[in-house]
Protein chains: 2
Amino acid sequence: MIKKKQEIVLDSVPRKTLAKEVADRIIQLLASGQLKPGDKLYPETELTKMLSVSRPVLREAMSSLESLGIIHRKTRDGTYFSEKISSKPYTNMLSLAGDDLPSIIEARMALELGMIAMAAEKITDQQLDELNQTIKALSEHPGDYSQVDKEFHRIIAFSVNNYILEGMIDSLLMAFDRMSKNIQFRERDVAVEHHKAIYEALKKRSPSEAFAQMYRHLDYVRKKILKQRKESKA
Amino acid sequence: MIKKKQEIVLDSVPRKTLAKEVADRIIQLLASGQLKPGDKLYPETELTKMLSVSRPVLREAMSSLESLGIIHRKTRDGTYFSEKISSKPYTNMLSLAGDDLPSIIEARMALELGMIAMAAEKITDQQLDELNQTIKALSEHPGDYSQVDKEFHRIIAFSVNNYILEGMIDSLLMAFDRMSKNIQFRERDVAVEHHKAIYEALKKRSPSEAFAQMYRHLDYVRKKILKQRKESKA
DNA sequence: TATTTTAAAATTGTATGACAAATAAAATGA
DNA sequence: TCATTTTATTTGTCATACAATTTTAAAATA
């Protein structure tokens, strides 16, 4: 653990490029409250004067901040601070994970398991209704039900109403979709039963029970996918 | 939910700057396996020729990738792909959260609750020993025990051995430390008891029990912090 | 030949200047 | 006053140059 911290320090101390410095300053504008989310920044030419740096350096910093989702730039209009944390950086990072499906499944599972505990505390009656509707749609609609399935999980995730977690789960669900879209699910009855049990636990507002039911569900899904993947590889 | 997807599409489609395009290409080098983590990239002058872009544009892309932790640059040496996903981008993103301690606590709680379920499946005997040592240290050492407490949580988090989750929890724990360092904990006995219960559940390799014990612990911590914060604000 | 010294090349970091394109604002003409 | 034209603004992009330092190559010397 301590080593890990050292690594970070040793990596960040010697590298104090101007661009990095500028990025920090601009973040400071936000952190110090001088500018607020959604505000328009000063144009590049002014910022270069204010910070005494060249425009390429400033633009390197801006580019970094944009890739982190902290700002977004509109051509021939200006630069704005983002309203909320986006899932963009997480998505970019996950591209590094490449085809590591097991790690993505595990991360998704962990995140959903934690979030459902929070959801059990906070979910609204209306969101419970929406959940119930997806279950009905799941049992009644014919053909591919993957969209309805995703909706179920998204409703739960967003019922937590935490933008930090939203950014994390959003990127993971997208990566999961992308990588598992060719995997077939054909056990509608199992899915319906699992979703119903999760729904009932949420209705009771019981974190532990909701966790248990979600664990049962995701553990089942996980094993199924990894098994199918193994078979298709062999 | 559907709206959310629209937003992302509408935001990313019109903006296809060269720098962004270049960044994607370089990520592709990694994703396609042409280059591996730790490999040295081609020098900037060569990349500009290969991609037919100017150096400032290339450097904007590089700057983005570096802030995402995908590459790191060494002055007068070269640019290298990172060995592993770092928590850097998450940390920068959390600066947007500002002083929103409740959201950070909630996110940390969710993540730890999910991760301990995974930890119960995967933790090694040696890591269990390490956990036990922190409990001993916690009960015996005098004075401030916050460092030992953090170590306990970190061992569990890293026992999951999932680099995606590591990046997420690392940034959250750092943000949490930063914001709660002036909050005093003075209930050592409670902490020891909670940690022991968590340890025992992990030893049994029981995800549900580990979850339950961690929930009890973090729920206690959360309420305590938020209460203290409320009082100090009043 | 071996060693030391010197020079050259390589590489990232930074600055300057310029132009394109499109929108918004200002000026001009009827 | 209204419509048209011009100008200014602002991001996106390119080309070039120089600084600083490390590595490499060459050359000179013992």
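Naming: A, B, ... by sequence-line order, numbering from 1 per chain.
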Can you check the A/Leu18 CG to D/dA20 P distance for me, whole Å? 14 Å

For A/Thr45, which contact category applies under a 4.0 Å heavy-atom criterion: base, sugar-phosphate, or nothing? nothing

Of the listed nucleotides C/dG13, D/dT13, C/dA15, the one nearest the side chain of A/Pro56: C/dA15

If I take atom CG in residue B/Asp77 and atom C1' in nucleotide D/dT21, what distance separates them, rounded to the nearest angstrom? 11 Å

Looking at A/Glu46 and A/Pro43, would you say the former's side chain and the latter's main chain have a donor-acceptor pair under 3.5 Å? no

Set of residues satisfying side-chain hydrogen bond (donor to acceptor under 3.5 Å, both in side chains) with respect to B/Arg222, sequence neighbours excluded: A/Glu121, B/Asp219

Between C1' of D/dT22 and NZ of B/Lys74, the distance in whole Å: 13 Å

Let me know the distance between CG of A/Leu51 and P of C/dT14, rounded to the nearest Å. 13 Å

Relative to the ring of B/His153, is the ring of B/His195 parallel (under 30°), tilted (30 to 60°) or perpendicular (over 60°)? perpendicular

Between B/Thr79 and C/dT12, does any side-chain N or O lie under 4.0 Å from OP1 or OP2? yes

A/Ile71 CD1 to D/dT11 C1', straight-line distance once rounded to whole Å: 12 Å

Where do N or O atoms of nucleotides 20-24 of chain C meet protein N or O atoms at under 3.5 Å, pair by pair?
from: C/dA22; atom 1: O4'; to: A/Arg76; atom 2: NE; distance (Å): 3.3

Paired with A/Ile155, the side chain to side chain contact (heavy atoms under 4.5 Å, CB included) test is passed by just one of A/Leu128, A/Leu202, A/Thr134, namely A/Thr134

Residues B/Ser32 and B/Gln34: side-chain donor-acceptor under 3.5 angstrom: yes

Heavy atoms from other residues, nucleotides or ligands near OH of B/Tyr80 exceed 12 (cutoff 6.0 Å): yes

Distance, rounded to the nearest Å, where B/Glu60 contributes CD and D/dC14 contributes C1': 12 Å

Among D/dT13, C/dT12, C/dA15, the nucleotide that comes nearest once only the side chain of A/Val53 is considered: C/dA15

Rounded to 10°, the helix from C/dT1-D/dA30 to C/dA30-D/dT1 deviates from straight, judged by its five-pair end axes, by 30°

Where the side chain of B/Arg55 is concerned, which of D/dC14, D/dA17, D/dT13 is the nearest nucleotide? D/dA17

